[in-house]
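Comments concern the structure below.
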Protein chains: 2
Amino acid sequence: MAAPDTRTRLILAAMKLFWEKGYGSTSVADVLQSARVNSGSLYHFFPGKQDLLLAVLDLYRDGIRRMLIEPAWRGVEDPLERVFALLARYRQSLADTECTYGCPIGSLALELHEPDLAVRERLAANFAAWTDAVHECLIAAGERLPRELDRRELAAFVLTGMEGGVMQARTYRDLSTFDGAVRQLRAYFDRLQREAIPPRALRARPPAPRRKERR
Amino acid sequence: MAAPDTRTRLILAAMKLFWEKGYGSTSVADVLQSARVNSGSLYHFFPGKQDLLLAVLDLYRDGIRRMLIEPAWRGVEDPLERVFALLARYRQSLADTECTYGCPIGSLALELHEPDLAVRERLAANFAAWTDAVHECLIAAGERLPRELDRRELAAFVLTGMEGGVMQARTYRDLSTFDGAVRQLRAYFDRLQREAIPPRALRARPPAPRRKERR
DNA sequence: TGCCGACTTGAACAAACACTCAAGTCGCGC
DNA sequence: GCGCGACTTGAGTGTTTGTTCAAGTCGGCA
């Protein structure tokens, strides 16, 4: 593992700090210190602090598959379980940090009230990439979900549930609302599946398709 | 309407600015200018900026019934429709501001990464008051929902859906994800209700709910 | 060897920040 | 009229902010 060059060191340091402290509360000096870089170098690579944020958001987006989604799906084949495996990953992140760090994109999305178009576009791209992954699962689930169900809308709703759950978990410093949100989401999925089962095949569907069953 | 005194003028100005720009991006000078107050007066009433935030959060909490929930429920008697009337109010707020201002509490909850206990407690109290209102509705719905349903958990899930929907609406600058989240939430509620209907009374439930009905 | 452009260094900058304070105004009880 | 405490005034505090820049290092190429 070669030592990362200055530019990526800056992006990685900014990524970490924006996640931990938010964008506004992270000073350029913080980033410089954490990356062990002088200010001149930063401004050699980036016109300003906001462009550093753009690079961070681009890195999130480019790495969302390899760093987030694929690890979450490893060992989970059932497409609907993959949706919940993704949520479990966020639960783990909350648990590891005593409910302080949740979804970096969501935090930034609500923190930034002055919405430079470039920033908003990248936030949206990150949300879209996340939603796409869930959407794939819902499509792969095929007829286990009602035919007339809007799968894209449901995928976005899963993101909604994750972000809202993370927000409450962080505020209460307690995982139980996050768990409750996941449980309600699962209850909804269960009902959708029950409804989608064609009557003649009722017996053919065991309660849990594969892997561990949890409620 | 008497002119508000200095203290409340400060709180109201801060409330507006924190909503529009967030806490970190609102300077004390902004508040002073907007409230037409000198800095000495502010520090006569409040030890510091954060205590101003505490006062704002207390005001939100104290006014949540009169200013938010009761207006949303006016003219809506059906308890389950009241849940969606509350969501409709947030939709209106997003629509009125071109999807820039959503839920002030949610924004603050994700913006503040350094979580002074006092601030977090008030954020939590605001969430709890909101959830309580929805909880009341779910209890008032009585047997229209499954008996074994955890009504408190579902109430928190409604908040989850609202906050997540607001977050995406703001990011995409588009109401459609918010609407989609509400639609999915309604689909879940519909299924819960359908399931709760005792079989012998199946014919007694018309598609559109009116006031509370006997089973 | 000499030169050039890519990159680094770190002091310096003005603006913005939250906050302080000595001086002053004002209404009210005596 | 007097004194006192509540409140106001606004210039001033020191610090932190994002950003600039002249000077320097260094590797590769002619």
Side-chain angles (χ1 to χ4, degrees), chain A residues 2-59 107-108 111-119 122, chain B residues 2-59 107-108 111-119 122:
Chain A
D5 65 13
T6 306
R7 206 187 110 96
T8 61
R9 233 162 55 235
L10 283 166
I11 297 177
L12 290 174
M15 194 178 231
K16 176 166 152 20
L17 289 167
F18 292 166
W19 187 44
E20 288 174 358
K21 320 181 17 169
Y23 176 73
S25 300
T26 299
S27 71
V28 173
D30 289 337
V31 177
L32 294 173
Q33 184 178 356
S34 172
R36 247 162 296 184
V37 165
N38 291 102
S39 62
S41 293
L42 190 155
Y43 288 95
H44 173 74
F45 292 109
F46 303 98
K49 185 187 179 189
Q50 186 184 277
D51 303 85
L52 189 54
L53 173 62
L54 294 180
V56 167
L57 291 174
D58 283 340
L59 186 57
S107 298
L108 290 167
E111 177 187 348
L112 302 168
H113 290 235
E114 324 121 59
D116 266 325
L117 179 61
V119 175
R122 323 244 166 168
Chain B
D5 65 11
T6 306
R7 206 187 111 96
T8 61
R9 232 161 57 234
L10 282 166
I11 297 177
L12 291 174
M15 193 179 234
K16 177 165 147 32
L17 289 167
F18 291 165
W19 187 44
E20 288 174 359
K21 319 179 23 169
Y23 176 73
S25 300
T26 298
S27 72
V28 174
D30 289 337
V31 177
L32 294 174
Q33 185 179 357
S34 171
R36 245 160 297 185
V37 165
N38 291 313
S39 61
S41 294
L42 190 156
Y43 289 96
H44 172 75
F45 291 109
F46 303 99
K49 185 188 179 188
Q50 185 185 276
D51 303 85
L52 190 54
L53 173 62
L54 295 180
V56 166
L57 291 174
D58 283 340
L59 186 58
S107 299
L108 290 167
E111 177 187 348
L112 302 167
H113 290 236
E114 323 121 60
D116 266 326
L117 179 61
V119 175
R122 319 235 172 178

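Chain letters run A, B, ... following the sequence lines, proteins first and then strands; every chain starts at 1.
Taking atom CZ on A/Phe45 and atom P on C/dT8, their separation rounds to 5 Å, with Å as the unit. D/dA11 atom P lies 13 Å from atom CG of B/Leu32, rounded to whole Å. Atom C1' of nucleotide C/dT8 and atom NE2 of A/His44 are separated by 9 Å, given to the nearest angstrom. Atom pair B/Arg7:CZ and D/dT8:P shows a separation of 12 Å (rounding to whole Å applied). We find that CG of B/Leu10 is positioned 14 Å from P of C/dC19, with the value rounded to whole Å. Between B/Gln33 atom CD and C/dA16 atom C1' there is a gap of 14 Å when expressed in whole angstrom units.
The residue A/Val28 sits close to a base: some heavy atom pair falls under 4.0 Å. Counting non-hydrogen atoms under 4.0 angstrom, A/Thr26 reaches the backbone sugars and phosphates but no base.
Summarising the geometry of B/Val119 relative to B/Leu53, their closest heavy-atom pair is CG1-CD2, 4.0 Å, with the distance given to 0.1 Å. The heavy-atom pair separating B/Ile11 from B/Phe46 by the smallest distance is CG1-CZ, 3.8 Å.
At least one donor-acceptor pair closer than 3.5 Å links the side chain of A/Glu111 to the backbone N or O of A/Tyr23. B/Arg122 places no side-chain N or O within donor-acceptor distance of the main-chain N or O of B/Asp58, the cut-off being under 3.5 Å. For the pair B/Asp5 (side chain) and B/Thr8 (backbone), a donor-acceptor distance under 3.5 Å is present.
In summary, the side chains of A/Asp30 and A/Ser27 do present a donor paired with an acceptor at a separation below 3.5 Å, with no hydrogens or angles considered.
Applying side chain to side chain contact (heavy atoms under 4.5 Å, CB included) to B/Leu17 and the options B/Val56, B/Leu12, B/Val31 leaves one that passes, B/Val31.
Between A/His113 and B/Ser25 there is no side-chain heavy-atom pair separated by less than 4.5 Å. Using a 4.5 Å heavy-atom threshold, the side chains of A/Leu54 and A/Asp116 count as separate.
The stretch residues 35-43 of chain B touches DNA chain C through B/Ser39, B/Gly40, B/Tyr43, each having a heavy atom under 4.0 angstrom from the strand. Contacts between residues 47-59 of chain B and DNA chain C, defined by a heavy-atom separation below 4.0 Å, involve B/Gly48, B/Lys49, listed by number.
Note on A/Thr6: every side-chain N or O is 4.0 Å or more away from OP1 and OP2 of C/dC7.
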